[in-house]
Protein chains: 2
Amino acid sequence: MIPDNTKCSCEQCELKTLFFSHVTLDTLSDICEIKIEKNFSKGNIIVQEGEPIREFMYLKDGLVKLSKMASDGKDQILSFSKPFDFVSLFSVFSSDTYNYSVTAIEDSTTCILDLDNVKRIAQSNAMFAMDLMSRFSTATDFIIQENLDIKRKHLRGRIAHVLLYFSKRIYGCTSFELPISRREIAEYIGMTTENVIRTLSEFRKDKILKIYGKDIAIVDLKRLQNISEHG
Amino acid sequence: MIPDNTKCSCEQCELKTLFFSHVTLDTLSDICEIKIEKNFSKGNIIVQEGEPIREFMYLKDGLVKLSKMASDGKDQILSFSKPFDFVSLFSVFSSDTYNYSVTAIEDSTTCILDLDNVKRIAQSNAMFAMDLMSRFSTATDFIIQENLDIKRKHLRGRIAHVLLYFSKRIYGCTSFELPISRREIAEYIGMTTENVIRTLSEFRKDKILKIYGKDIAIVDLKRLQNISEHG
DNA sequence: AAGTTGTTATGATAATTATCATAATGTAAT
DNA sequence: ATTACATTATGATAATTATCATAACAACTT
């Protein structure tokens with residue numbers, strides 16, 4: 001972890017309009033005065049499940065995974081979040097401890113606000129509260145939808161789905177460096193690590209992908225989409 | 001469907017304190033004046049996915065399922081909701097159409113408010129908005145958690161899980177009438193109808209359950225809990 | 001009463017996926 | 001450089017789950 005109280009200018013913050021469009025400039029500067037930016041290197045834990053929630057946190061840069069440890073000690077990955085998605089999203093308004101862990105899977109920067117402060121603003125500024133609710137609803141809806149989608153697919157379809165997710169939603173490119181290990185893919189889509197590796201190898205042999213370690217290039221996009229949908 | 005503009009007294013409504021504890025009595029009577037109660041018999045559709053959201057609806061009595069049709073035409077069940085959970089919960093603040101269908105699986109009563117009205121109140125009354133957010137967050141968190149839990153289990157564990165869910169969370173009793181068919185159980189936990197039936201038969205042969213059609217009695221609770229957790 | 005339809009039920013078989021074993025490669029620490 | 005450890009990789013086998021076939025039964029229609 002690289003805690004770092006870097007100064008950043010809220011005037012130029014691209015997240016401002018998204019989160020605080022219904023907050024006055026005065027209120028905004030109140031919030032920003034006490035904000036803290038923290039950097040996390042790839043692999044470091046940002047929040048740990050079970051910890052008390054004291055902060056209101058969002059992701060400014062990077063990529064994170066949300067996960068939870070099952071009673072058998074195995075991790076399950078819920079979803080991935082990129083900037084403009086919240087980090088301390090879920091539990092904040094319904095629990096006083098984090099239900100999930102958040103881990104940086106790329107070097108990430110979070111902006112941390114005082115939770116009581118944010119709650120106070122939400123309580124007095126209903127438009128802001130509605131904005132939060134709307135973003136919250138969109139994010140959780142996506143997770144639920146994604147889980148349903150993965151659930152109905154076989155191994156090949158699941159792997160195709162994940163690759164298309166990173167390609168389209170995260171990187172916007174058919175070539176990318178996979179930010180997670182094969183084991184983490186398995187933890188996300190509910191299959192064994194061996195079968196993730198095997199299926200990726202199959203896709204390579206079928207000339208759907210080119211693979212060099214974590215570097216992936218989707219060669220036959222149509223076929224991959226077809227496998228994701230019907231394979 | 002049995003639409004029915006029954007008069008009900010909001011003064012006595014047990015949901016009032018839950019939903020509207022931060023709303024003035026004047027506002028409350030404004031809301032209640034234009035409320036509509038509707039009854040739905042078991043099996044009837046309350047809202048259909050894709051339809052525009054015009055109403056703010058909550059479940060006053062009964063039991064419903066939330067489902068979505070996959071691209072292959074098969075239904076998937078997201079979750080079940082009982083009173084005190086919202087019905088038109090999810091999509092309301094993030095979408096203008098329903099993402100999921102809601103169907104009565106027991107005779108149910110919904111109370112319907114004008115959506116714009118509710119939104120207006122939420123925008124001007126931040127405590128109310130926060131209440132909504134908190135309930136929303138709790139409900140979605142439960143769905144996500146439940147899906148994770150089911151995902152990591154085998155068939156027997158999943159069936160045990162569902163039976164314990166209905167026993168503990170819905171009926172509060174080890175004997176109950178299953179409100180859904182074997183096929184619907186399959187749609188909820190992601191397995192085939194045949195295997196649901198087979199697994200229930202196994203539990204009967206193992207003297208864990210007594211089964212007469214949809215009437216279920218859990219005979220060996222400890223064993224069922226053990227199967228749910230480790231089986 | 002006969003027919004249609006959907007649910008529950010069970011068995012045989014095929015397909016899918018997990019487990020176990022082994023090894024090559026890569027990465028970090030000493 | 002060497003050890004230690006995790007990741008990637010592949011094959012053989014076992015376990016799990018789905019598919020297909022068939023049938024009993026109930027609910028409902030005609």
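Chain identifiers are assigned alphabetically (A, B, ...) following the order of the sequence lines, protein sequences preceding nucleic acid strands; residue numbering begins at 1 within each chain. Just so it is clear, the model here is predicted, and its values are computed rather than measured.
In this structure, B/Glu184 atom CD and C/dG6 atom P are separated by 14 Å, rounded to whole Å. In this structure, the CD1 atom of B/Ile185 is 13 Å from the P atom of C/dT7, given to the nearest Å. Counting to the nearest Å, the P atom of C/dA12 and the CZ atom of B/Arg198 are 11 Å from each other. Rounded to an integer number of Å, the gap from A/Glu177 CD to C/dG26 C1' is 14 Å. Here the C1' atom of nucleotide C/dT27 and the NZ atom of A/Lys42 are 13 Å apart, to the nearest Å. Atom CD1 in B/Ile105 sits about 15 Å away from atom P in C/dT7, given to the nearest Å. The CG atom of A/Leu155 sits 6 Å away from the C1' atom of C/dT17 (whole-angstrom rounding). Put simply, NZ on A/Lys151 is 12 Å from P on D/dA18, counting in whole angstrom units.
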With a cut-off of 3.5 Å and sequence neighbours excluded, list every side-chain donor-acceptor pair involving residues 173-182 of chain B.
{"from": "B/Ser181", "atom 1": "OG", "to": "B/Arg183", "atom 2": "N", "distance (Å)": "3.4"}
{"from": "B/Ser181", "atom 1": "OG", "to": "B/Glu184", "atom 2": "N", "distance (Å)": "3.2"}
{"from": "B/Arg182", "atom 1": "NH1", "to": "B/Gly213", "atom 2": "O", "distance (Å)": "3.1"}
{"from": "B/Arg182", "atom 1": "NH2", "to": "B/Gly213", "atom 2": "O", "distance (Å)": "2.9"}

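Comparing A/Glu194 and A/Arg158, the nucleotide of DNA chain C nearest to each residue sits closer to the 5' end for A/Arg158. Heavy-atom nearest nucleotides on DNA chain C were determined for B/Leu200 and for A/Arg156, and the one closer to the 5' end corresponds to B/Leu200.
Contact check for B/Phe56 versus B/Ile112: no side-chain heavy atoms found under the 4.5 Å cut-off. The closest side-chain heavy-atom distance from A/Met69 to A/Tyr100 is not below 4.5 Å. By the 4.5 Å heavy-atom criterion applied to side chains, A/His161 and A/Glu146 are counted as neighbours.
The residue B/Arg183 sits close only to the backbone: its heavy atoms come under 4.0 Å of sugar-phosphate atoms, none of a base.
You'll find that the side chain of B/Ile197 is closest to C/dT8, out of D/dA12, C/dT8, D/dT17. The side chain of B/His154 approaches D/dT16 more closely than any other nucleotide in the set D/dT10, D/dT16, C/dT17.
Put simply, B/Arg182 has a side-chain N or O that comes within less than 4.0 Å of OP1 or OP2 on C/dT8. OP1 or OP2 of C/dA18 lies within a sub-4.0 Å distance of a side-chain N or O belonging to A/Asn195.
Results of the side-chain contact (heavy atoms from CB on, under 4.5 Å) test with A/Lys65 over A/Ile105, A/Val102, A/Leu78 single out A/Ile105 as the only residue that passes.
A/Ser41 and A/Asp107 form no side-chain donor-acceptor contact under 3.5 Å, judged by distance and modelled atom types alone.
Residues from residues 201-216 of chain A with heavy atoms under 4.0 angstrom of DNA chain C: there are none.
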Exercise. Before giving the answer on side-chain hydrogen bond (donor to acceptor under 3.5 Å, both in side chains), spell out for B/Glu37 and B/Thr110 the whole-Å C-alpha distance, their side-chain angles and the decisive distance to 0.1 Å.
Key: CA-CA 6 Å; B/Glu37 249 185 63; B/Thr110 61; over 6 Å; no
